[in-house]
Amino acid sequence: MSKEITSRSEDYSQWYIDIVKKANLAENSAVRGCMVIKPYGFALWENMRDQLDRMFKETGHVNAYFPLFVPKSLFEAEEKNAEGFAKECAIVTHYRLKANPDEKGKLMVDPEAKLEEELIIRPTSEAIIWNTYRDWIKSYRDLPLLINQWANVVRWEMRTRLFLRTAEFLWQEGHTAHATKEEAIAETLKMQDVYARFAEEYMAMPVIKGVKTVNERFAGAEDTYTIEALMQDGKALQAGTSHFLGQNFANAFDVKFLKEDNQLEYVWATSWGVSTRLIGGLIMTHSDDDGLVLPPRLAPTQVVIVPIPKPSPELDEAANKVLQQLQAKGIRVKYDLDDKKRPGFKFAEHEMHGIPVRLGLGMRDLENGQIEVARRDTKEKAAQPLEGIAEHVAQLLDEIQQNLFQKALDYRNAHITPVDSFEELQQVLEEKGGFVAAHWDGTTETELKIKELTKATIRCIPNDAAEEQGACVLTGKPSNKRVLFAKAY
RNA sequence: CGGGAUGUAGCGCAGUCCGGUAGCGCACCUGCUUUGGGAGCAGGGGGCCCCAGGUUCAAAUCCUGGUAUCCCGACCA
């Protein structure tokens with residue numbers, strides 16, 4: 001047990017904060033609700049970003065960049081979208097400061113530098129992007145337009161939590177334009193798949209693909225598809241969303257194209273995004289009371305070699321040989337050359353940082369032609385021959401990746417509980433947590449009532465929900481499939 | 001935005017009630033001894049006591065206002 005972090009059973013929220021801080025991922029900044037992402041946390045984000053970027057490009061998308069500011073008149077053009085975000089917007093009203101005549105050394109907003117039109121700091125970029133697309137799309141030959149941008153956005157949240165909900169966060173937002181409704185819906189689903197694949201294959205975080213209810217839908221969307229993950233405390237996390245926007249934005253921004261038959265039609269749209277919130281999900285899926293646990297595919301450092309008890313010419317030589325062999329296999333490996341810290345301290349430190357594999361190398365090992373291999377996920381240690389160590393480690397990293405996913409999947413599957421009465425729903429939510437699969441009559445009214453009574457929301461209607469006749473747990477009205485309820489972040 | 005708690009060295013905290021030289025542990029620096037799971041001893045450095053104003057001979061301590069963080073709630077496509 002770590003000396004430095006609160007255990008999960010003692011205080012889950014504090015445990016999460018301790019991990020973020022002690023593993024050097026991020027810290028709070030001088031700006032309310034905004035975090036500083038530290039180098040180690042950013043290295044992790046870079047790995048996630050790079051992989052997602054590859055996947056977007058493989059599916060035909062290109063990157064571009066649009067402005068941080070959205071003129072208010074554009075922002076308000078799509079009414080539902082504007083209304084949905086209005087309460088959490090930061091707004092620029094002036095463009096100049098001046099010396100304060102009443103207080104020496106202080107500045108004040110220059111009242112003469114008021115902007116003609118306020119600028120909204122983007123909470124999302126549909127408005128500015130669709131205003132731009134109007135000029136880019138004239139013909140069916142201009143479609144589809146498949147663009148992604150990596151950016152920061154600002155949402156003035158009342159209550160923030162590192163990575164999970166910050167006032168400013170980093171994300172990607174894809175904005176695509178299509179000639180037909182079918183093609184746009186196919187794109188929406190395709191990106192939901194990309195997100196699910198990324199979550200499961202790289203983050204080792206199992207997710208449920210589904211569609212949001214009307215109440216939980218993105219403002220301005222016709223349908224919102226989501227990937228929902230389950231955290232170790234039994235709460236759900238919306239990990240990524242992909243929206244079918246219909247012709248709402250094309251209408252609002254007057255984006256029309258000429259079809260082959262010379263008819264004008266509004267463009268069909270999608271948008272999709274994931275954010276630094278994924279890091280919060282990654283932490284809460286795998287980490288333990290000893291610190292961060294990272295899946296090998298995303299770990300900034302996959303293997304660390306620790307000389308025992310400290311660096312020496314013989315150990316350095318042997319360690320560097322191992323280092324080179326691992327690097328030749330494309331493994332991200334470091335040799336811990338610090339000669340001030342003792343091995344035990346380093347072990348704890350590397351465990352805190354979630355490095356998947358630690359190799360311990362001392363004179364005793366060298367004499368026996370072996371090296372100690374310790375894995376972060378199970379805490380198991382075993383001596384391995386130095387001969388063929390690179391192959392062994394490469395295989396072990398795959399095994400760890402697989403094990404983390406399997407463990408999370410088993411936990412998640414054990415926490416999808418079907419219930420057939422409201423009492424059961426309440427009881428499972430209170431005592432066990434996780435997803436509860438129940439029948440629902442399809443109305444927003446019932447959904448809100450259940451939320452009020454249980455604090456749980458409908459996370460999604462799973463894409464693969466089986467047809468099944470049943471009765472709504474609250475109203476008893478007929479329902480033909482189960483939806484997933486959960487308390488959520 | 002409502003309720004509660006907390007801001008004192010890089011981190012964790014005591015001191016605040018009852019005003020009077022700013023302390024402890026860890027971390028850091030130096031030396032010696034150690035070294036296969038968070039080393040020991042000795043010496044040393046480091047403070048706008050969250051910010052602003054007020055009361056007082058005197059404020060970390062009392063008063064007023066602000067601000068940040070954490071928890072609960074509301075809100076959160």
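Reckoned from all heavy atoms, side chains included, excluding hydrogens, waters and symmetry mates. The sequence lines fix the lettering, A, B, ..., with proteins before strands; numbering per chain opens at 1.
- Residues satisfying the side-chain contact (heavy atoms from CB on, under 4.5 Å) test with A/Ser275, not counting sequence neighbours, are A/Phe169, A/Trp171, A/Arg277.
- Of all nucleotides present, only B/A5 satisfies the Watson-Crick or G-U wobble test against B/U69, with each distance under 3.5 Å.
- When each of A/Phe75, A/Tyr133, A/Phe253, A/Phe249 is tested with A/Glu126 by the rule side chain to side chain contact (heavy atoms under 4.5 Å, CB included), just one qualifies, namely A/Phe249.
- With a cut-off of 3.5 Å on both Watson-Crick or G-U wobble distances, the partner of B/C11 is given as B/G25.
- For residues 70-94 of chain A, the pairs satisfying salt bridge (charged side-chain N to carboxylate O under 4.0 Å, His left out) are A/Lys72-A/Glu76, with sequence neighbours left out.
- Here B/G36 presents its P atom at 14 Å from CG of A/Leu315, a figure rounded to the nearest Å.
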Using nucleotides 47-52 of chain B, report all nitrogen or oxygen pairs with the protein that are shorter than 3.5 Å.
none

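- Ion pairing of A/Lys379 with A/Asp288 is absent here, as no side-chain N (NZ or NE/NH1/NH2) approaches a carboxylate O to less than 4.0 Å.
- B/G4 and B/G44: their P atoms are spaced 47 Å apart (whole Å).
- In this model, a side-chain donor or acceptor of A/Glu351 finds a partner on the base of B/G37 within 3.5 Å.
- Here B/C1 presents its C1' atom at 14 Å from CH2 of A/Trp156, a figure rounded to the nearest Å.
- Note: A/Trp272 and A/Phe56 meet the aromatic proximity criterion, with ring centroids under 6.0 Å apart.
- Residue A/Glu83 is classed as having no contact, given no heavy-atom separation below 4.0 Å to the nucleic acid.
- At a threshold of 4.0 angstrom between heavy atoms, the contacts of A/Glu126 with the nucleic acid are absent.
- What separates CG of A/Leu164 from P of B/C70 is a distance of 11 Å, to the nearest Å.
- Note on A/Lys22: only backbone sugar-phosphate atoms sit closer than 4.0 angstrom, heavy atoms only; bases stay farther off.
- Only the C1' atoms considered, B/G40 is 24 Å distant from B/G46, to the nearest whole Å.
- Using a 4.0 Å cut-off between a side-chain N of Lys or Arg and a carboxylate O of Asp or Glu, A/Asp193 and A/Lys209 qualify as a salt bridge.
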Nucleotides 33-35 of chain B: which of its N/O atoms have a protein N/O under 3.5 Å away?
unit_1	atom_1	unit_2	atom_2	d
B/U34	O2	A/Arg342	NH1	3.0
B/U35	O4	A/Lys310	NZ	3.0

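- Nucleotides B/C24 and B/A14 have their P atoms positioned 16 Å apart, rounded to a whole Å.
- B/G20 is paired with B/C57 under the criterion used here, namely a Watson-Crick or G-U wobble arrangement in which both key atom distances are under 3.5 Å.
- Using modelled atom types and a 3.5 Å distance limit, the side chains of A/Asn463 and A/Tyr225 yield no donor-acceptor pair.
- Straight-line distance between the P atoms of B/U55 and B/U61: roughly 15 Å, to the nearest whole Å.
- Annotation for A/Ala167 and A/Cys34: closest pair CB-SG, 4.0 Å, computed over non-hydrogen atoms.
- When Watson-Crick and G-U wobble pairs are counted only if both distances are under 3.5 Å, B/C75 pairs with no nucleotide at all.
- Between the CG atom of A/Asn28 and the P atom of B/C11 there is a distance of 12 Å, given to the nearest Å.
- One interatomic measurement links the two molecules: CG of A/Leu162 to C1' of B/U69, which rounds to 10 Å at whole-angstrom precision.
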Annotated protein contacts, base or backbone, on nucleotides 71-76 of chain B with a non-hydrogen cut-off under 4.0 Å, one of B, S, - each
SBBB-B

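- Atom P of B/G36 sits at a distance of 39 Å from the matching atom of B/C70, rounded to the whole Å.
- Comparing B/C76 with B/G7, their P atoms are spaced 33 Å from each other, to the whole Å.
- Checked by atom type, the side-chain pair A/Thr224/A/His243 shows a donor-acceptor distance below 3.5 Å.
- With sequence neighbours excluded, the residues forming a salt bridge (Lys or Arg N to Asp or Glu O under 4.0 Å) with A/Asp110 are A/Arg96, listed by chain and number.
- Between A/Lys340 and A/Gly362, the residue whose closest nucleotide on RNA chain B is further toward the 5' end is A/Lys340.
- Backbone-only engagement by A/Gly33 is indicated by non-hydrogen atom pairs under 4.0 Å involving sugar-phosphate atoms exclusively.
- Across all strands shown, nothing is found opposite B/U35 as a Watson-Crick or G-U wobble partner with both distances under 3.5 Å.
- Looking at which nucleotide of RNA chain B each of A/Lys346 and A/Gly220 is closest to, the 5′-most match is held by A/Lys346.
- Distance A/Ile19 CD1 to B/C11 C1': 17 Å, rounded to the nearest Å.
- Within the nucleic acid shown, A/Asp365 comes within 4.0 Å of at least one base atom, counting heavy atoms only.
- Within the nucleic acid shown, A/Met35 has no heavy atom closer than 4.0 Å to any nucleic acid atom.
- Taking 4.0 Å as the cut-off between side-chain N and carboxylate O, A/Arg32 and A/Glu168 do not count as a salt-bridged pair.
- Salt-bridge annotation for A/Asp289 and A/Arg8: present, with a side-chain N of the basic residue lying under 4.0 Å from a carboxylate O of the acidic one.
- At a threshold of 4.0 angstrom between heavy atoms, the contacts of A/Glu216 are confined to the sugar-phosphate backbone, with no base atom among them.
- The pair A/Lys212-A/Glu228 meets the salt-bridge criterion, with a side-chain N (NZ, NE, NH1 or NH2) lying under 4.0 Å from an Asp/Glu carboxylate O.
- With both ends at atom C1', the span from B/C48 to B/U8 equals 12 Å, rounded to whole Å.
- The two atoms that bring A/Ile279 and A/Gly41 nearest to each other are CD1-O, 4.2 Å, heavy atoms only.
- Taking the C1' atoms as reference points, B/U69 lies 11 Å from B/C50, given to the whole Å.
- Pair assignment for B/U30: B/A42, on the basis of Watson-Crick or G-U wobble contacts that are both within less than 3.5 Å.
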